There are 2 protein chains.
Amino acid sequence: MDAIDRKLIDILQEDASLSYSVLGTKVGLSVSAVNDRVRKLREQGIIQAYKIAVDTNAIGRSLTAMVWLRTDPAKGNKKLVKSLIKADEVLECHHMTGRFDFLVKLRLRDTAHLESFVSDTIKEMPGVVEVLPEIALSTAKETMFVPAQLETD
Amino acid sequence: MDAIDRKLIDILQEDASLSYSVLGTKVGLSVSAVNDRVRKLREQGIIQAYKIAVDTNAIGRSLTAMVWLRTDPAKGNKKLVKSLIKADEVLECHHMTGRFDFLVKLRLRDTAHLESFVSDTIKEMPGVVEVLPEIALSTAKETMFVPAQLETD
DNA sequence: GGTGAAAGACGCACATG
DNA sequence: CATGTGCGTCTTTCACC
């Protein structure tokens with residue numbers, strides 16, 4: 001992976017609908033060279049998938065909550081994690097350092113949805129001993145973009 | 001937006017590289033009908049953009065950290081938020097309820113990168129009075145997928 | 001590694017029912 | 001909304017450098 005591959009990745013992270021000819025103009029290569037490079041990046045798994053970004057407001061899931069979990073150290077966490085990642089309300093599940101064991105990011109319809117999901121679903125999951133939900137009042141940034149371009153710092 | 005639009009959104013969230021003819025087969029519509037619907041969803045801003053998912057491991061940014069910030073209530077938070085979202089290390093920035101004011105999600109090269117970003121960058125930002133970084137030991141799920149399909153619960 | 005050309009598939013618009 | 005057509009663009013492959 002060289003500098004041109006990295007540039008292609010950064011461009012496609014922002015807009016994956018660009019054609020190979022436009023990409024070629026941007027990186028100074030021919031259409032077929034761009035095609036080659038993108039295909040190889042896909043084959044290597046560096047480009048994992050093509051996705052769309054959706055207006056979550058329009059589909060009625062605009063409440064973001066972060067839930068801290070403390071778990072029973074006697075039990076393993078495998079069953080808990082399996083239950084968590086199965087739920088479509090759970091966007092992220094991280095095993096964390098610090099006083100709590102897990103940080104779970106939720107996307108929900110409203111506070112009623114949060115209440116029922118925390119009370120009826122999370123608290124019933126195996127090994128959960130403490131639950132601390134917090135609500136996002138606003139979100140100034142939310143992206144998956146990670147620069148492939150090597151920084152100059 | 002009807003049930004078919006919602007289904008199209010869910011399919012495209014998982015794989016936006018599918019052709020209109022494949023989409024048509026999946027939802028039981030003709031190519032031109034699918035074309036119409038997807039174009040309208042884009043025009044309405046419900047489909048916001050096309051993106052790629054990247055293997056962050058391959059591009060050398062595999063450390064995830066969550067940083068809690070407490071800010072000076074005397075100052076506004078505008079300048080701070082502006083500084084935060086400018087940094088490419090910052091993937092997410094949420095204004096939160098609870099003891100802290102902000103939760104910031106970072107993607108970094110390694111712990112040295114975390115140390116320098118927290119010490120040299122975040123702590124120097126206007127209005128920051130307390131910084132509590134925590135590291136993700138592992139991440140079991142990390143997605144932006146939000147079901148547009150109306151659930152049956 | 002790259003280019004350029006050719007073939008086929010796809011996107012897109014339009015007209016008809 | 002389905003089907004047809006037409007056309008431009010894009011993808012993909014392949015011979016060549």
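So you know, we letter chains A, B, ... as the sequences are listed, proteins then strands, and number each from 1. What you see is a predicted model, and the numbers here were worked out from it, not measured in a lab.
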| said: Going by purine N1 to pyrimidine N3 plus the second Watson-Crick contact, or the G-U wobble pair, all under 3.5 Å, which nucleotide sits opposite dT3(C)? | reply: dA15(D)
| request: Establish, with yes or no, whether the OP1 or OP2 oxygen of dC10(D) is under 4.0 angstrom from a side-chain nitrogen or oxygen of Ser19(A). | output: yes
| task | Answer with base, sugar-phosphate or nothing: what part of the nucleic acid does Gly24(B) contact at a heavy-atom distance below 4.0 Å? | result | nothing
| From CA spacing to verdict: salt bridge (charged side-chain N to carboxylate O under 4.0 Å, His left out), Asp36(A), Arg39(A) | CA-CA 5 Å; Asp36(A) 262 23; Arg39(A) 183 177 43 73; 3.2 Å; yes
| When clusters are formed by joining ILVMFWY residues with side-chain heavy atoms under 4.5 Å apart, either directly or through shared neighbours, do Leu41(A) and Leu23(A) land in the same one? | yes
| said: Pair Asp88(A), Arg61(A) - check salt bridge (charged side-chain N to carboxylate O under 4.0 Å, His left out), show working. | reply: CA-CA 11 Å; Asp88(A) 64 37; Arg61(A) 284 279 188 110; 3.1 Å; yes
| note | Asp36(B) CG to dA2(D) P, in whole Å, measures 10 Å
| field | Between P of dC12(C) and CZ of Arg37(B), the distance in whole Å | value | 17 Å
| request: Grab the OH-P distance between Tyr50(A) and dC10(D) for me, whole Å please. | output: 15 Å
| task | May I have the distance from Leu23(B) (atom CG) to dC10(C) (atom C1'), rounded to whole angstrom? | result | 12 Å
| query | Expressed in angstrom and rounded to an integer, what is the separation of Ile4(A) atom CD1 from dT3(C) atom C1'? | reply | 14 Å
| message | Restricting to non-hydrogen atoms, name the atom on Val34(A) and the atom on Gly24(A) that form the minimum distance, rounded to 0.1 Å. | response | CG2-CA, 3.5 Å
| Phosphate-side-chain proximity, Tyr20(A) and dT12(D), N/O vs OP1/OP2 below 4.0 Å | yes
| Distance-only donor-acceptor test (3.5 Å): side chain Ser32(A), base dG4(C) | yes
| message | Is Arg39(A) close enough to dT11(D) that one of its side-chain N or O atoms is under 4.0 Å from OP1 or OP2 there? | response | no
| Which glycosidic conformation, syn or anti, is assigned to dG11(C) if syn requires a torsion within 90° of zero? | anti
| Choosing from dA13(C), dT11(D), dC12(C), which nucleotide comes nearest the side chain of Asn35(B)? | dC12(C)
| remark: Of dT11(D), dA2(D), dC12(C), the nucleotide closest to the side chain of Ala33(B) is dA2(D)
| message | Does Val31(B) reach a base, just sugar-phosphate, or nothing at all? Heavy atoms under 4.0 Å. | response | nothing
| Can you check the Leu18(A) CG to dT11(D) C1' distance for me, whole Å? | 15 Å
| field | Gap between atoms CD and C1', on Glu43(B) and dA13(C) respectively (whole Å) | value | 13 Å
| said: Angle between ring planes, Phe102(A) versus His95(A), binned at 30° and 60°: parallel, tilted or perpendicular? | reply: parallel
| Just how far, in rounded Å, is C1' of dG1(C) from CG of Leu29(A)? | 10 Å
